[in-house]
Amino acid sequence: MTRPLPLSEGEFDELIRSIEDGIQRVERLANEIIGAVNSALEWLGPLAQQALDLLRRFGELLGRFFSEVGKFFTRWGVPWTLYSHGETWTQQVGGPAHELAARVDAGQLLVDDYWSGTAATAYTGMLPLQSKALGAIKAATDELDDALWKIAGAIIAFWLGIAAVIVPFIVELIAEAAAALGIITAPPAAAAAAGSTAKAIALTTAVVTAGITYLTVLWTQMRDLDQRLHNSDGLPGGNWPSLVSDISNGRVHDGGKTLDWNIKP
């Protein structure tokens with residue numbers, strides 16, 4: 001049975017909403033800091049230029065942060081679709097293939113009990129190959145299900161990572177917005193806001209890099225699976241095993257006697 005995902009569909013939707021709200025909160029707090037520091041410039045005298053430079057630096061970093069998050073902001077991913085497809089492959093393809101393989105191995109086909117003749121013998125000789133092919137299909141669907149589950153889980157983990165960056169970023173910006181209201185504390189607040197934003201950018205980049213690395217590993221797994229399917233003993237050349245000779249009518253002449261699909265006496 002397919003493993004459950006770390007979050008339910010409702011929990012994932014709530015996570016996305018919280019990130020959207022968090023991004024908007026960051027933007028509002030940044031505007032508050034910029035507005036407060038700008039208001040303090042005329043009172044800072046010789047320190048005004050330094051405060052302005054710090055504010056400009058904060059704005060540049062803020063733009064980089066929104067750009068980094070914006071690369072993925074409108075493409076949340078749909079882990080539940082991947083999860084559902086994985087279940088479908090396992091339940092509707094892998095499961096029936098496994099059941100058929102068990103029947104073939106157990107000799108439960110009608111040809112075993114009721115038919116004889118050259119054609120029947122030739123077909124019976126194919127059963128081990130068909131059983132191996134069914135086993136290869138079952139193994140492939142299991143691995144495909146596993147890969148899709150991992151990708152779905154990676155999408156959830158990615159946004160949990162982004163949320164883990166935004167929450168402390170907001171906490172720091174709240175404190176810095178409060179400090180920016182004071183004339184003397186406005187320049188340090190701009191410097192601190194720039195530092196908090198630089199840290200948020202670094203953490204966001206780390207989350208993105210980790211996600212890309214993980215998905216690259218999964219892509220390699222899927223590529224290897226495709227190669228094995230095309231070079232598998234069970235599916236030679238990626239095809240279902242077939243007889244070399246034609247047994248469509250099963251008639252073979254031997255000493256004037258026709259040997260075909262005969263009911264066993």
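Taken from CD1 in I151 to OG1 in T81, the straight-line distance is 12.5 Å, to the nearest 0.5 Å. Expressed to the nearest 0.5 Å, how far CD of E9 lies from OG of S84 amounts to 10.0 Å. Annotation: the span from I155 atom CD1 to L215 atom CG amounts to 7.5 Å, rounded to 0.5 Å. The distance from the CG atom of L218 to the CZ atom of R223 is 12.5 Å, given to the nearest 0.5 Å. Atom OG1 of T88 is separated from atom CG of L144 by 10.5 Å, given to the nearest 0.5 angstrom. One distance of note links CD of E143 with CG of L148; it measures 11.0 Å at 0.5 Å rounding.
Closest approach of D145 to E87, counting heavy atoms only: OD1-N, 3.8 Å. Between W80 and S8, the shortest heavy-atom distance links the atoms CZ2-C, 2.9 Å. In plain terms, the two heavy atoms of F58 and T197 that are nearest each other are CE1-OG1, 3.2 Å. Looking at every heavy atom in both residues, Q91 comes nearest to P96 through O-CD, 3.3 Å. Here the shortest heavy-atom pairing between A163 and L15 reads CB-CD1, 3.8 Å. Of all heavy-atom pairs between A198 and L61, the closest is CB-CD1, 4.1 Å.
When hydrophobic clusters are built by joining Ile, Leu, Val, Met, Phe, Trp and Tyr residues whose side-chain heavy atoms come closer than 4.5 Å, directly or via intermediates, V207 is grouped together with L203. Grouping the Ile, Leu, Val, Met, Phe, Trp and Tyr side chains by contacts below 4.5 angstrom, directly or via other members, places V208 apart from W219. When the side chains of ILVMFWY residues are joined at heavy-atom separations under 4.5 Å, either directly or via intervening members, V165 and I212 end up in a single hydrophobic cluster.
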Verify side chain to side chain contact (heavy atoms under 4.5 Å, CB included) between I23 and F66, making sure each step is shown before the conclusion.
-> CA-CA 8 Å; I23 294 295; F66 284 124; 3.9 Å; yes

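Of the residues listed (T90, L5, L82), the one engaging W149 in a side-chain contact (heavy atoms from CB on, under 4.5 Å) is L5, and it is the only one.
Not counting sequence neighbours, E20 has no partner by the salt bridge (Lys or Arg N to Asp or Glu O under 4.0 Å) test. Remark: E27 pairs with no residue by the side chain to side chain donor-acceptor pair (under 3.5 Å) rule, at least two apart or across chains. In this structure, the ring pair (Phe, Tyr, Trp, His ring centres under 6.0 Å) partners of W159, at least two apart in sequence or on a different chain, are W76.
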In residues 168-189, what donor-acceptor pairs under 3.5 Å come from side-chain atoms, sequence neighbours left out?
{"unit_1": "E172", "atom_1": "OE1", "unit_2": "S196", "atom_2": "OG", "d": "2.5"}
{"unit_1": "E172", "atom_1": "OE2", "unit_2": "K199", "atom_2": "NZ", "d": "2.6"}
{"unit_1": "E176", "atom_1": "OE2", "unit_2": "S196", "atom_2": "OG", "d": "2.6"}
{"unit_1": "T185", "atom_1": "OG1", "unit_2": "A179", "atom_2": "O", "d": "2.4"}
{"unit_1": "T185", "atom_1": "OG1", "unit_2": "G182", "atom_2": "O", "d": "3.4"}

Donor-acceptor pairs are to be reported for all side-chain atoms of residues 38-50 against protein atoms at under 3.5 Å, with residues two or more places apart or in another chain.
{"unit_1": "N38", "atom_1": "ND2", "unit_2": "I34", "atom_2": "O", "d": "3.2"}
{"unit_1": "S39", "atom_1": "OG", "unit_2": "G35", "atom_2": "O", "d": "2.9"}
{"unit_1": "Q49", "atom_1": "NE2", "unit_2": "D53", "atom_2": "OD1", "d": "2.9"}

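Within the structure, the ring-ring contact (aromatic ring centres under 6.0 Å, His included) test picks out no pair touching residues 12-42 (sequence neighbours left out).
In this structure, E68 and I201 have side chains that are not in contact, with every pair of non-hydrogen atoms separated by 4.5 Å or more.
A salt bridge links K150 with D146: the closest approach of a Lys/Arg side-chain nitrogen to an acidic carboxylate oxygen falls below 4.0 angstrom.
At least one donor-acceptor pair closer than 3.5 Å links the side chain of T141 to the backbone N or O of K138. Side-chain atoms of S67 do not come within 3.5 Å of backbone N or O of G63 as any donor-acceptor pair.
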